[in-house]
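What follows is a single structure, written as structure tokens, with notes after it.
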Amino acid sequence: MTKQLYISTYGCQMNVYDSARMADILSPLGYQLTTDPNSADMAILNTCHIREKASEKTFSELGRLRNMRKSKEEAGNGEMVIAVAGCVAQAEGAEIMKRAPYVDMVFGPQSYHKLPQMLAEATRQSGGVLDTDFPVDAKFDHLPKEAIDKNLSAFLTVQEGCDKFCAFCVVPYTRGAEFSRTVDEIIDEAKRMIDGGTREITLLGQNVNAYHGLDAEGESQTLAELIYRLSELKDLQRLRYTTSHPLEMTEDLCQAHRDVDILMPYLHLPVQAGSDRILEAMNRRHTGDEYRRIIEKLRSYRPDLALSGDFIVGFPGETDAEFEDTMQLIRDVNYAQAYSFKYSPRPGTPAAALESQMIAEEVKSERLARLQALLNEQQLAFNKSFEGKTVPILLEREGKREGQLIGRSPYMQSVYVQSPPHRIGRIAEVIVEEGNANSLRGKLKPGSEQDAA
Ligand code: 5AD
Ligand code: SF4
């Protein structure tokens with residue numbers, strides 16, 4: 001009998017990847033994904049702990065699920081297993097069991113391969129199951145071979161965890177120390193993804209460019225070396241990686257951007273702040289100018305490279321002048337896209353102890369608004385710069401309008417194109433007619449019948 005599985009995913013791409021693998025693991029048990037939590041036999045919240053706002057959502061959504069379960073049971077439609085997964089589960093597992101005792105299962109990011117076993121235990125016993133152990137290698141070893149992303153554009157986790165300990169960040173505590181999968185395991189997974197139809201792979205890791213997995217000879221390999229290996233796979237057309245730390249932008253990785261055709265000219269390289277004093281307080285271990293020099297080098301190797309970044313405003317003690325340093329760095333680099341946040345103190349991190357230096361909420365809001373205005377301006381200018389140009393677009397799916405397809409540019413821009421649906425899965429040459437704040441609109445280049453597919 002099929003059972004309905006509802007998964008609600010918060011946070012980063014790593015969680016998106018993990019949610020898909022959970023669905024893969026539960027599918028042999030008869031669970032089928034649904035978007036309607038009301039009918040779910042099992043509901044999983046895959047949570048994010050990175051900022052307070054994300055964390056709080058866990059408890060409000062849990063309350064809603066509890067009500068849905070009650071209605072479902074009262075209507076005689078069976079039970080609902082409620083599970084909390086991901087980083088809030090890892091960091092606050094015991095707290096969840098206490099605050100929301102109706103939750104059946106709580107498990108961290110390294111335990112989901114044990115889902116069938118935990119599910120059996122949870123349905124047998126009352127009081128809930130808590131599993132927040134840390135064996136990352138076991139997680140990948142125990143994933144069934146079918147548990148891979150087969151989308152046209154798909155994710156492949158190559159590395160997890162982080163040893164950088166930025167002063168504001170919970171990731172080293174929730175995802176644990178760095179762990180890299182082996183080269184062979186990754187190549188094998190990539191091949192199976194490509195056989196399943198994938199044409200674009202994004203290599204995932206919290207600190208992906210710190211990748212140091214072993215090859216078949218037991219030698220440690222860099223991310224660049226892994227990229228060269230993957231670039232030899234037949235039918236793989238695009239390769240990306242995220243998220244990176246500036247300290248790990250090694251010479252060989254910078255050169256890969258020059259030498260590997262299928263490596264897309266788009267890099268997410270967070271800097272967080274522009275002031276050297278704040279960067280030091282954040283324990284980023286590089287200066288603003290060192291970051292600028294990395295960007296210059298990358299652009300000298302790959303002139304069409306565009307950048308995306310992450311920024312935090314209002315880190316404890318940040319003065320107006322130090323905030324202006326961040327604004328100046330943004331002007332110097334010129335981003336195609338970016339994510340920006342108000343600093344949010346996270347329990348257990350060093351920065352959270354700097355209570356006396358916390359920045360007032362209004363000041364943070366005002367700084368964030370100014371920073372986002374500048375980033376939005378840059379993003380719009382970047383998108384407009386494509387007007388009239390011909391760009392290779394990987395056509396991914398049908399749009400809402402009749403005859404419309406949606407694809408992605410090399411720079412991850414969403415592109416709306418009038419095209420017959422049989423072109424889905426191909427890279428088409430598209431003339432961009434309009435660049436907007438969040439997308440591009442274009443038409444197929446005449447005579448591009450033999451799309452570069
Ligand atoms: N407060 C605000 N933003 C944060 N980030 C990480 N921790 C915090 C925090 N405590 C941001 C960083 C990181 C992104 C994933 O989230 O910019 O790169
Ligand atoms: Fe967090 Fe810093 Fe590690 Fe990124 S590099 S995950 S911001 S500790």
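Order of appearance sets the numbers: ligands from 1, and atoms from 1 within every ligand.
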**Asked** Is it the side chain (CB and beyond), the backbone, both or neither of I50 that lies under 4.0 Å from ligand 1, heavy atoms counted?
**Response** both
**Message:** Tell me whether the NZ or CZ atom of R51 lies within the 45° cone about the ring axis of F341 and under 6.0 Å from its centre.
**Reply:** yes
**Asked** What residue among E324, E362, E322, E318 forms salt bridge (charged side-chain N to carboxylate O under 4.0 Å, His left out) with R367?
**Response** E318
**Request:** Consider only side-chain N and O atoms of H212 and Q159, and report whether a donor and an acceptor are under 3.5 Å apart.
**Result:** no
**Shortest protein heavy-atom distance from atom 16 (O) of ligand 1, along with the residue and atom involved** = R51 NH1, 2.7 Å
**Request:** Consider every N or O of S344 and every N or O of ligand 1, then say whether any pair is closer than 3.5 Å.
**Result:** yes
**Prompt:** Is it true that D188 and R192 make a salt bridge, defined as a side-chain N closer than 4.0 Å to a carboxylate O?
**Reply:** yes
**Request:** Check step by step if salt bridge (Lys or Arg N to Asp or Glu O under 4.0 Å) holds for K384 and E387.
**Result:** CA-CA 6 Å; K384 285 224 168 297; E387 289 178 358; 3.3 Å; yes
**Prompt:** Salt bridge between R175 and D18, side-chain N to carboxylate O under 4.0 Å?
**Reply:** yes
**Prompt:** For ligand 1, which part of K342 has a heavy atom less than 4.0 Å away: the side chain, the backbone, both, or neither?
**Reply:** backbone
**Prompt:** Which of the numbered atoms in ligand 2 are below 4.0 angstrom from a heavy atom of F168?
**Reply:** 7 (S)
**Item:** Donor + acceptor pair across side chains of S19, T9 (<3.5 Å)
**Value:** yes
**Request:** Provide the number and element of each atom of ligand 1 under 4.0 Å from a heavy atom of I312.
**Result:** 3 (N), 4 (C), 5 (N), 12 (C), 17 (O)
**Fill in**
Under 4.0 Å between heavy atoms, the region of F168 that gets near ligand 1 turns out to be both
**Message:** Under a 4.0 angstrom heavy-atom cut-off, which atoms of ligand 1 come close to Q272?
**Reply:** 12 (C), 13 (C), 17 (O), 18 (O)
**Item:** Per-atom contact, atom 3 (Fe) of ligand 2, protein heavy atoms, under 4.0 angstrom
**Value:** yes
**Item:** Note: R408-E200 ion pair, threshold 4.0 Å (strictly below)
**Value:** no
**Item:** Listed once per pair and sorted, the side-chain hydrogen bond (donor to acceptor under 3.5 Å, both in side chains) pairs that draw on residues 304-314, sequence neighbours left out
**Value:** H268-S308, H268-D310, R302-D304
**Prompt:** Regarding R181 and the six-membered ring of F179, is the cationic atom NZ or CZ under 6.0 Å from the ring centre and inside 45° of its axis?
**Reply:** no
**Message:** Looking at ligand 2, is there an atom of it that comes within less than 4.0 Å of some heavy atom belonging to R284?
**Reply:** yes
**Prompt:** Is any side-chain N of the basic residue among E361 and K364 closer than 4.0 Å to the acidic one's carboxylate O?
**Reply:** yes
**Prompt:** Of all the non-hydrogen atoms in the protein, which one sits nearest to atom 18 (O) of ligand 1, and at what distance?
**Reply:** D310 OD2, 2.6 Å
**Asked** What protein N/O/S atoms lie closer than 2.8 Å to atom 3 (Fe) of ligand 2?
**Response** C162 SG
